[in-house]
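Order of appearance sets the numbers: ligands from 1, and atoms from 1 within every ligand. Along the sequence shown, the residues carry numbers beginning at 1. For clarity, every value in this text was computed on a predicted model and none was experimentally measured.
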Amino acid sequence: MNETPMDPNYVRIFDTTLRDGEQSPGATMTTPEKLEIARMLSRLGVDIIEAGFPAASDDDFEAVRSIAESVGREPVVGRPQKEPPTICGLARAVERDIERSAKAVAPAKHPRIHTFIATSDLHIEHKLRTTRADVLKRADAMVRFARGLCADIEFSPEDAGRSEHEFLIEVVHAAIEAGATTINIPDTVGYLTPAEYGELIALLRQRVPGSERAIFSVHCHNDLGMATANTLAGLAAGARQAEVTINGLGERAGNAAVEEVVMALATRRQRFGLTTGVDTTQLVRASKLVSQTTAFVVQPNKAVVGANAFAHESGIHQDGMLKNGLAYEIMRPESVGAGKTQLVLGKHSGRHAVGSRLAELGHELEGEALDRVFARFKTLADKKKQLTDADLEAICADSHMSVSGAEYKLVDLMVSCGTQGLATATVRVERPDGVIAVAAVIGSGPVDATFKAIDSILDAPVTLLEYTVHAVTEGIDALGEVSVRVREGESVVYGNGADTDIVVASAKAYLKALNKVVAGRPIRSHRQERLAEEVRGGAVS
Ligand code: KIV
Ligand code: ZN
């Protein structure tokens with residue numbers, strides 16, 4: 001048996017992703033895939049890998065055998081070689097299964113046979129079609145038989161959660177007397193509540209003669225979503241092995257998730273006073289590997305390893321996180337290998353988070369400049385689900401490029417265009433003196449009409465040298481960025497603008513360029529006054 005630390009508070013992590021996990025409908029894995037996952041589990045630092053059910057098929061046998069031959073033996077560069085994990089094979093309480101299991105795990109440095117038989121009356125009568133006396137006899141005989149083939153034997157009374165207590169005590173006692181070194185108590189159908197499961201573990205440890213000679217193990221299914229809570233309750237009641245799977249993979253609703261159990265023990269160390277040998281920084285990698293291999297997608301809000309487990313979008317939370325990371329995080333993302341905390345920028349984000357992300361991107365904005373960018377951010381966030389760094393850069397460039405001081409600003413733009421006729425653009429621009437000027441102009445297309453309308457307000461005849469448009473981000477809600485280059489006399493100026501509407505982006509870009517052209521000039525009462533009505537303070541004057 002693998003020499004696990006003698007610390008009485010050490011919890012052995014028994015990973016059954018490759019056995020109970022693989023029993024998930026649709027999660028079948030090939031031998032190379034199982035080998036890769038077993039290597040990952042070894043890197044993760046689990047104590048025991050239940051590698052499969054060797055009697056189930058030749059493929060299962062081969063997979064367990066290959067894992068037993070190689071896993072944990074590969075040299076680890078830059079780190080002291082660790083003891084390889086124990087490799088375990090499952091077997092029903094019948095000689096053939098036990099022999100197959102013994103043979104499959106034999107090459108492992110630390111082999112284990114895990115044998116089981118059901119102990120609930122429901123299973124005994126309807127599944128096994130036998131009697132309690134027969135089950136007791138078989139448990140005793142098969143543990144003895146297994147012990148003759150391997151020194152490390154685990155015994156499970158299947159459906160222990162629904163078994164009658166006095167009978168369960170009798171069977172567990174017999175298994176220990178026959179040589180079982182680990183007694184696993186499965187809540188096979190995820191029926192018990194945490195209090196009941198904890199009480200069951202405490203009862204068995206107290207009432208089974210010789211219980212101190214075995215390690216008690218917890219094995220909880222998640223049918224009512226209580227697998228992790230039950231596992232922790234069992235550990236709190238004295239069990240020192242937890243049977244878990246990566247991502248909670250397993251029969252029906254799955255098993256207790258390794259990442260949840262391990263991180264609960266680590267995060268609430270004061271409460272439980274228990275340790276494990278798991279390198280928690282490998283948890284996200286292990287989760288990704290299992291999810292990719294089985295094509296079982298991890299839900300974004302999955303505890304510890306979900307994509308959103310360390311993401312914050314609400315403005316209040318983001319503000320709190322920026323002030324102190326512990327405000328809304330009880331674990332650091334780095335501690336599970338999840339990279340850095342993500343402040344997802346969206347419509348719930350606040351000014352603080354936007355400013356802070358901009359600063360990370362190299363734009364130190366404060367006061368009014370930040371207000372301006374934040375206002376644009378909010379408008380765009382109402383249209384887009386999430387804003388990327390590229391969006392922020394574009395908004396920033398857009399607001400930042402404003403010519404300092406007085407300028408013409410786009411207030412409104414309406415275009416009508418299509419195949420049926422000429423395009424018309426109606427533009428409302430706020431002049432530097434606060435007057436709102438409106439122009440409606442016909443053009444050959446929506447951009448041409450818009451530019452002509454702006455020309456009519458600013459009266460700054462320029463030649464358009466270059467007009468380019470490109471999408472800043474992907475998708476139909478992408479921001480479009482327009483750049484224009486215009487010439488007036490000898491000087492060539494440039495302007496850009498970004499918006500989800502490219503005609504609006506074009507208007508902004510053109511206006512920006514023209515602002516540079518007219519900068520410092522007096523506002524002339526020019527020809528646009530014949531074309532446009534003037535509105536002051538929103539009221540028609
Ligand atoms: O859930 C269960 O009862 C099992 C046993 C085989 C241990 O997986
Ligand atoms: Zn199970």
Side-chain angles (χ1 to χ4, degrees), residues 12-25 27 46 48-56 60 64 86-94 97-98 100-101 104-105 112-124 126-128 135 138-139 142-143 146 152-164 167-168 171-172 175 180-192 196-197 200-201 204 214-231 234 239 241-258 260-261:
R12 292 142 190 87
I13 297 297
F14 176 110
D15 185 283
T16 183
T17 307
L18 297 175
R19 199 279 297 168
D20 222 339
E22 210 221 5
Q23 285 175 217
S24 291
V46 306
I48 302 114
I49 297 175
E50 187 163 52
F53 189 176
D60 277 48
V64 177
T86 296
I87 307 298
C88 175
L90 185 70
R92 285 169 297 180
V94 294
D97 275 27
I98 293 170
R100 289 292 277 170
S101 192
V105 297
R112 174 182 291 189
I113 299 171
H114 175 191
T115 187
F116 71 97
I117 188 162
T119 49
S120 69
D121 289 336
L122 195 90
H123 279 230
I124 294 172
H126 298 279
K127 188 181 81 173
L128 300 176
V135 166
R138 273 156 67 175
M142 290 305 108
V143 171
D152 185 354
I153 302 300
E154 172 168 331
F155 172 75
S156 290
E158 191 192 5
D159 204 16
R162 292 188 298 173
S163 299
E164 196 265 318
F167 180 58
L168 193 57
V171 175
V172 169
T181 39
T182 301
I183 296 295
N184 182 44
I185 304 300
D187 182 18
T188 304
V189 288
Y191 177 71
L192 298 184
E196 287 169 332
Y197 190 69
L200 178 61
I201 298 293
L204 293 172
I215 298 292
F216 274 76
S217 167
V218 288
H219 181 114
C220 302
H221 280 267
N222 205 30
D223 299 66
L224 292 172
M226 295 189 287
T228 298
N230 285 353
T231 299
Q241 175 176 290
E243 302 206 355
V244 286
T245 59
I246 304 285
N247 299 336
L249 200 66
E251 287 270 10
R252 306 179 308 281
N255 291 58
V258 61
E260 294 174 14
V261 171

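Residues meeting the side chain to side chain donor-acceptor pair (under 3.5 Å) test with Thr119, sequence neighbours left out: Ser163. Applying the side chain to side chain donor-acceptor pair (under 3.5 Å) rule to Asp187 yields no partners; only residues at least two apart in sequence or on another chain are considered.
Two residues are said to be in side-chain contact when any heavy atoms from C-beta on lie closer than 4.5 Å; Arg112 and Thr182 meet this criterion. In this structure, the side chains of Ile98 and Met142 come closer than 4.5 Å at one or more pairs of heavy atoms.
Enumerated by chain and number, the residues approaching ligand 1 to less than 4.0 Å through a heavy atom are Arg19, Asp20, His114, Phe116, Ser156, Glu158, Asn184, Pro186, Thr188, His219, His221.
With hydrogens and angles left out, the side-chain atoms of Asp121 and His126 include no donor and acceptor closer than 3.5 Å. Side-chain atoms of Asp159 and Ser120 form a donor-acceptor pair, as typed in the model, at a separation below 3.5 Å.
Within the 3.5 Å criterion, the main-chain N or O of Asp97 finds no donor-acceptor partner in the side chain of Ser101. Panel note: side chain Thr181, backbone Ala214; no donor-acceptor pair is recorded below 3.5 Å.
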(request) I would like to know whether Phe53 and Arg92 meet side-chain contact (heavy atoms from CB on, under 4.5 Å); could you show each step before the answer? (result) CA-CA 9 Å; Phe53 189 176; Arg92 285 169 297 180; 4.1 Å; yes
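Shown here are the protein N/O/S atoms lying under 2.8 Å from the Zn ion (ligand 2), water excluded: Asp20 OD2, His219 NE2, His221 NE2.
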